[in-house]
Structures are given as C-alpha cells and as structure tokens.
Visitor: 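Encoded as structure tokens, here's the structure I'll be asking about.
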Amino acid sequence: QVQLVESGGGLVQAGGSLRLSCAASGRAISEYAMGWFRQAPGQEREFVAVINWSGGTTYYTDSVKGRFTISRDNAKNTVYLQMNSLEPEDTAVYYCNANSNYRGSRPGHYWGQGTQVTVSS
C-alpha cells in the first residue's frame with residue numbers, strides 16, 4: 001500500500017505561482033498513475049490533472065490547461081503540480097491520488113491528507 005503526503009500549499013496573490021509536491025512511501029510510484037484533485041469549501045472534490053506511470057501521458061481539466069503542469073520523478077518517488085497564473089477560483093484543498101491503472105480523471109484508491117491553497121484577489 002502506498003502512503004502519500006502533500007506539501008507546498010500556501011497563500012498567494014492572484015497571478016502568482018505555487019509548486020505542490022506529493023511524496024510517496026511504502027510502494028514505488030512507478031507502479032501508479034498519479035493525479036491531483038481539489039476540493040473547495042462546499043463543493044465536491046474535482047479532478048485537476050493526471051500523469052501516467054512513465055510521465056509520457058498527461059491530462060488536465062479544462063480550467064487549468066496552460067496554467068498547471070503535472071510531472072513526476074520516479075527516482076524520488078515524488079509527483080509535482082506546478083501552478084502558474086493562479087486565480088481566486090483555484091482556492092481549494094489539493095489532494096494527491098494514486099491509481100493502479102491510468103483512468104484519466106477517475107481517481108484511484110489512495111489519497112494524501114491534502115494541502116491548502118489560497119489565492120487572494
């Protein structure tokens with residue numbers, strides 16, 4: 001079983017950038033497709049981005065295309081989400097997810113505890 005720990009969240013002004021990290025332990029992340037999801041107050045958790053095991057395939061929700069970049073370093077057992085041109089609408093708790101199969105926007109069974117991202121206008 002893989003354990004996931006997110007970091008890198010914080011408070012940033014609109015137009016700024018943040019880089020989230022998701023460190024895995026217990027299993028090698030090379031066995032998983034890795035994704036990022038987010039949940040704003042009063043809303044359901046939603047898909048943000050996913051990357052396949054090798055890093056050769058990525059997929060984003062429309063609202064973050066061109067602004068966010070998901071990447072992975074299997075040697076470091078870590079996944080990243082580079083977030084640029086942040087908007088107040090990006091404010092949410094961001095969760096890392098591991099899926100034993102690449103299924104696009106569908107999450108797998110393993111979640112981190114989340115990291116708060118707050119974008120001020």
Visitor: Could you tell me whether the side chain of Asp73 reaches within less than 4.5 Å of the side chain of Tyr80, counting heavy atoms only?
Guide: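 Yes, close enough: below the 4.5 Å cut-off.
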Visitor: Under the side-chain contact (heavy atoms from CB on, under 4.5 Å) test against Ile29, which residue among Thr78, Val79, Ile51 passes?
Guide: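 Running side-chain contact (heavy atoms from CB on, under 4.5 Å) over Thr78, Val79, Ile51 with Ile29 returns exactly one hit, Val79.
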Visitor: Find out whether Phe68 and Asp90 are in side-chain contact, i.e. whether some heavy atom of one side chain is under 4.5 Å from a heavy atom of the other.
Guide: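 Heavy-atom side-chain distance check passes, below 4.5 Å.
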Visitor: Write down the atom of Ala14, the atom of Pro88, and the distance for their closest heavy-atom approach.
Guide: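 Where Ala14 meets Pro88 most closely, the heavy atoms are CB-CD, 4.1 Å.
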Visitor: Pair up each side-chain donor or acceptor in residues 17-27 with any protein partner under 3.5 Å, not counting sequence neighbours, and list the distances.
Guide:
residue : atom : partner : partner atom : Å
Ser17   : OG   : Asn84   : OD1          : 2.9
Arg27   : NE   : Glu31   : OE1          : 3.4
Arg27   : NH2  : Glu31   : OE1          : 2.6

Visitor: Show the nearest heavy-atom pair for residues Thr115 and Gly9, with the distance to one decimal.
Guide: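 Minimum heavy-atom separation between Thr115 and Gly9: OG1-N, 3.2 Å.
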Visitor: Could you list the residues that satisfy side-chain hydrogen bond (donor to acceptor under 3.5 Å, both in side chains) with Gln116, not counting sequence neighbours?
Guide: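 Applying side-chain hydrogen bond (donor to acceptor under 3.5 Å, both in side chains) to Gln116 gives Thr118.
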Visitor: Applying side-chain hydrogen bond (donor to acceptor under 3.5 Å, both in side chains), name anything that partners Tyr32, two or more places apart in sequence or on another chain.
Guide: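 Counting only residues at least two positions away or on another chain, Tyr32 forms no side-chain hydrogen bond (donor to acceptor under 3.5 Å, both in side chains).
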Visitor: Under 4.5 Å between side-chain heavy atoms, hopping through other hydrophobics if needed: is there a path connecting Met83 to Val12?
Guide: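 The answer is yes; both residues are in one hydrophobic cluster.
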Visitor: When clusters are formed by joining ILVMFWY residues with side-chain heavy atoms under 4.5 Å apart, either directly or through shared neighbours, do Val50 and Trp53 land in the same one?
Guide: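 Result: no, two separate clusters.
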Visitor: Check whether Tyr60 reaches the backbone of Arg67 with its side chain - one donor and one acceptor, N or O, closer than 3.5 Å.
Guide: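 Not a single qualifying donor-acceptor pair exists.
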Visitor: Please list, chain by chain and in numerical order, all residues satisfying side-chain hydrogen bond (donor to acceptor under 3.5 Å, both in side chains) with Asn77, sequence neighbours excluded.
Guide: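 Not a single residue meets the side-chain hydrogen bond (donor to acceptor under 3.5 Å, both in side chains) criterion with Asn77.
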Visitor: By side-chain hydrogen bond (donor to acceptor under 3.5 Å, both in side chains), which residues pair with Thr61, not counting sequence neighbours?
Guide: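 Counting only residues at least two positions away or on another chain, Thr61 forms no side-chain hydrogen bond (donor to acceptor under 3.5 Å, both in side chains).
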Visitor: Quickly, which of Trp36, Trp111, Tyr94 forms a side-chain contact (heavy atoms from CB on, under 4.5 Å) with Glu6? Name it, please.
Guide: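 The single option meeting the side-chain contact (heavy atoms from CB on, under 4.5 Å) with Glu6 is Trp36.
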Visitor: Rounded at 0.5 Å granularity, tell me how far CD in Glu89 sits from OG in Ser121.
Guide: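 The CD atom of Glu89 sits 9.0 Å away from the OG atom of Ser121.
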Visitor: Hydrophobic cluster membership, with links at side-chain heavy-atom distances under 4.5 Å among I/L/V/M/F/W/Y: are Val64 and Val119 in one?
Guide: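 Val64 and Val119: one cluster.
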Visitor: Under 3.5 Å, which donor-acceptor pairs link side chains of residues 95-109 to any protein atom two or more places apart or in another chain?
Guide:
residue : atom : partner : partner atom : Å
Asn97   : OD1  : Gly108  : N            : 2.8
Asn97   : ND2  : Gly108  : O            : 3.1
Asn97   : ND2  : Tyr110  : O            : 3.0
Asn99   : OD1  : Asn101  : N            : 3.1
Asn99   : ND2  : Asn101  : O            : 3.3
Asn99   : ND2  : Arg106  : O            : 3.1

Visitor: Starting from the C-alpha separation in whole Å, work towards a yes-or-no answer on side-chain contact (heavy atoms from CB on, under 4.5 Å) for Arg72 and Asn74.
Guide: CA-CA 6 Å; Arg72 65 191 297 157; Asn74 288 345; 2.8 Å; yes
Visitor: Checking Gln39 side chain against Phe37 main chain: does a donor-acceptor pair fall under 3.5 Å?
Guide: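 Pair absent, no side-chain N/O of Gln39 close to backbone of Phe37.
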Visitor: For Gln113 versus Leu4, what's the shortest heavy-atom pair and its separation?
Guide: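 Heavy atoms of Gln113 and Leu4 come nearest at OE1-O, 3.7 Å.
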Visitor: List the steps, then state whether side-chain contact (heavy atoms from CB on, under 4.5 Å) holds for Arg38 with Val93.
Guide: CA-CA 5 Å; Arg38 64 187 181 185; Val93 177; over 6 Å; no
Visitor: Say you draw a straight line from NZ of Lys65 to OG1 of Thr58; how long is it, rounded to the nearest 0.5 Å?
Guide: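 Interatomic distance, Lys65 NZ to Thr58 OG1, rounded to 0.5 Å: 10.0 Å.
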